[in-house]
Student: 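I have a structure I would like to understand better, so I am pasting it below and will then ask my questions one at a time.
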Amino acid sequence: MSIFSEKHILLAVTGSIAAYKAADLASKLTQAGALVDVILSPAAEKFVSPLTFQSVTGRKAFTDADLWGGEAHILHVGLGHSADLLVAAPCTANTLAKMAQGIADNLVSITALAARCPILVAPAMDVGMFEHPATQENVRILRERGVHFAGPDEGRMASGLVGRGRFVEPPELLGHIRLALGFGGKLAGKKIVVTAGGTQEPIDPVRVVTNKSSGKQGYALAQAALDAGGTVSLVAAPTSLTPPVGAKVVPARTAQEMLEAVLAESAGVDALVMAAAVADFRPKKVAGNKLKKRDGIPQIELEAAPDVLLAVAGLGSGRPRIVIGFAAESRDLLENAEVKLKSKNLDMIAANDISAVDAGFGADTNRITLLYADGRRESLPLMGKDEAAEVIVKRLAVLLETK
Ligand code: CTP
């Protein structure tokens, strides 16, 4: 189940040209399973109509006309109280100022004042307005009150000027909303390190020895840990994936770099989830120049690459409280996973059979069996890597509670 499902999001749209992008955001949230109530400020109505939002959310979009309707005296309270999150996007300098100062002169600002849920603000304003000391002061006041911010970005404005004030793009804003919804979850206050992707061991300046890992399972795990409110470091080998909003990304190309990054990031943390496919072997010598065909077929001698989990197992008191490994196997799945569980001193290992087309490297689904240090085993059905990540993070939360 996605973090958005059944979540009640109150989307306050104010008068910026970026208001049209809020329709895309409302659509994406609705598709993800959220119940989206939209309120438009009078200025927002000049750019987009309530009908635009009603058409994508399937729910009534509110305007100041509703302020003076039959249920006017309770509308703002009802909207503000039933929401899990109030998202002001795009939020103008004017609405930002009203929120900071407690001014309530339209349905958006009245609702913001009445709301008891967390608030996320995505500012959008022209060059100079965001940097203005008045706006900066308002941002500071709101931040101090625990209001979350998404952006603004730097870039080209509708006015043609370039600077800071651009509305963050909806896919990224979705990540910020996810982050705000996750606060206070089961992993709140917990530091989690997740590794992802397949390492690359250089042969020469252009060639590498690598593996078929896509990084999807590791990235999904980082997202699931963030959804649960955790503080996440994502030690990532090269992939084409976009990291989840809120994760601290630490790039690591080789097994050696991954070892160093994991040791630096995981000292004293609550958990390490080692989903990366780390090279076991690497070229003993790296050629300084590109190997040329005219020099004949090279003989590439391999040597052992460092084993990250073995190094972590030897950390003693600095070892993360919980360490979870993965076993990618093409035969004798559970026997091999059991050996790795013990030899790498893990609390849990997720074993998956990479010989199946619907599981393992590159696929969007996985069929995982979880093996625990206390001997328990749990077979999960075929599921999306996102769902598998959610289950693993839930089990991690239990392990953290009980260890
Ligand atoms: N791993 C690691 N460092 C390595 C290789 C693997 O930390 N150099 C971790 C992986 O991230 C994974 C676990 O060890 O969590 C098991 O990885 P896997 O490749 O399945 O096993 P190997 O240790 O390589 O053992 P084998 O060669 O027997 O498959």
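Atom set for the values below is all heavy atoms of this structure, side chains included, hydrogens, waters and symmetry mates excluded. Numbering of ligands and ligand atoms starts at 1, following listing order.
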Student: Hey, are E387 and N366 close enough side-chain-wise for a donor-acceptor pair under 3.5 Å?
Tutor: no
Student: Which ligand 1 atoms, with their elements, are less than 4.0 angstrom from a heavy-atom of G325?
Tutor: 15 (O)
Student: Below 4.0 Å, non-hydrogen atoms only: which portion of A277 touches ligand 1? Side chain, backbone, both or neither.
Tutor: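 Neither part.
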Student: We want to know whether S27 and Q31 form a side-chain donor-acceptor pair, criterion being a heavy-atom distance below 3.5 angstrom.
Tutor: yes
Student: Quick one: do L142 and F149 satisfy side chain to side chain contact (heavy atoms under 4.5 Å, CB included)? Show the steps, please.
Tutor: CA-CA 9 Å; L142 290 172; F149 275 81; 4.0 Å; yes
Student: Which one of M258, R282, M274, K340 has a non-hydrogen atom at the shortest distance from atom 25 (O) of ligand 1?
Tutor: K340
Student: With heavy-atom distances below 4.0 Å as the criterion, list the atoms of ligand 1 near A327.
Tutor: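 Taking each heavy atom of A327 in turn, ligand 1 has 20 (O) under 4.0 Å.
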Student: Any idea which atoms of ligand 1 are less than 4.0 Å away from a heavy-atom of K344?
Tutor: 1 (N), 6 (C), 9 (C), 13 (C), 14 (O), 16 (C), 22 (P), 23 (O)
Student: Which residue owns the protein heavy atom closest to atom 12 (C) of ligand 1, what's the atom, and how far is it?
Tutor: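 Ranked first by proximity to atom 12 (C) of ligand 1 is F326 O, 3.0 Å.
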Student: Using a heavy-atom cut-off of under 4.0 Å, does the side chain or the backbone of A305 touch ligand 1, or both, or neither?
Tutor: neither
Student: What protein heavy atom lies closest to atom 7 (O) of ligand 1? Include the residue and the distance to one decimal.
Tutor: L309 N, 2.9 Å
Student: Please confirm whether the backbone N or O of V209 pairs with a side-chain atom of E201, one donor and one acceptor, at under 3.5 Å?
Tutor: no
Student: Counting N and O atoms only, with roles assigned by atom type, does the side chain of S55 sit under 3.5 Å from a partner on the main chain of L51, one being a donor and the other an acceptor?
Tutor: yes
Student: Applying the side chain to side chain contact (heavy atoms under 4.5 Å, CB included) criterion to L173, which one of V168, V245, D24, L29 satisfies it?
Tutor: V168
Student: Do the side-chain N and O atoms of N106 and S109 include a donor-acceptor pair separated by under 3.5 angstrom?
Tutor: yes
Student: Is there a donor-acceptor pair closer than 3.5 Å between any side-chain N or O of D347 and the backbone N or O of I324?
Tutor: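 Such a contact is absent between D347 side chain and I324 backbone.
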Student: Do any heavy atoms of A279 fall under 4.0 Å from ligand 1?
Tutor: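 It does; at least one heavy atom falls under 4.0 Å.
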Student: Just going by heavy-atom distances, which of L272, V308, N336 is nearest to atom 3 (N) of ligand 1?
Tutor: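 Residue with the shortest heavy-atom distance to the ligand atom: V308.
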Student: For atom 8 (N) of ligand 1, tell me which residue out of A276, A255, P306 has the closest non-hydrogen atom.
Tutor: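 Result: the heavy atom closest to atom 8 (N) of ligand 1 is in P306.
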Student: Name the option, out of D280, V339, L259, that contains the heavy atom nearest to atom 5 (C) of ligand 1.
Tutor: D280
Student: Got a donor-acceptor contact below 3.5 angstrom from the T111 side chain to the L107 backbone?
Tutor: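 Yes, the answer is positive, given that a donor and an acceptor are paired below the 3.5 Å cut-off.
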Student: Heavy-atom contacts with A328 under 4.0 Å: which atoms of ligand 1 show up? List them by number with element.
Tutor: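 Reading through ligand 1 atom by atom, the close ones are 20 (O).
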Student: Students should be able to answer this: which protein heavy-atom is nearest to atom 4 (C) of ligand 1, and at what distance?
Tutor: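 Going by distance alone, atom 4 (C) of ligand 1 is nearest to V278 CB, 3.5 Å.
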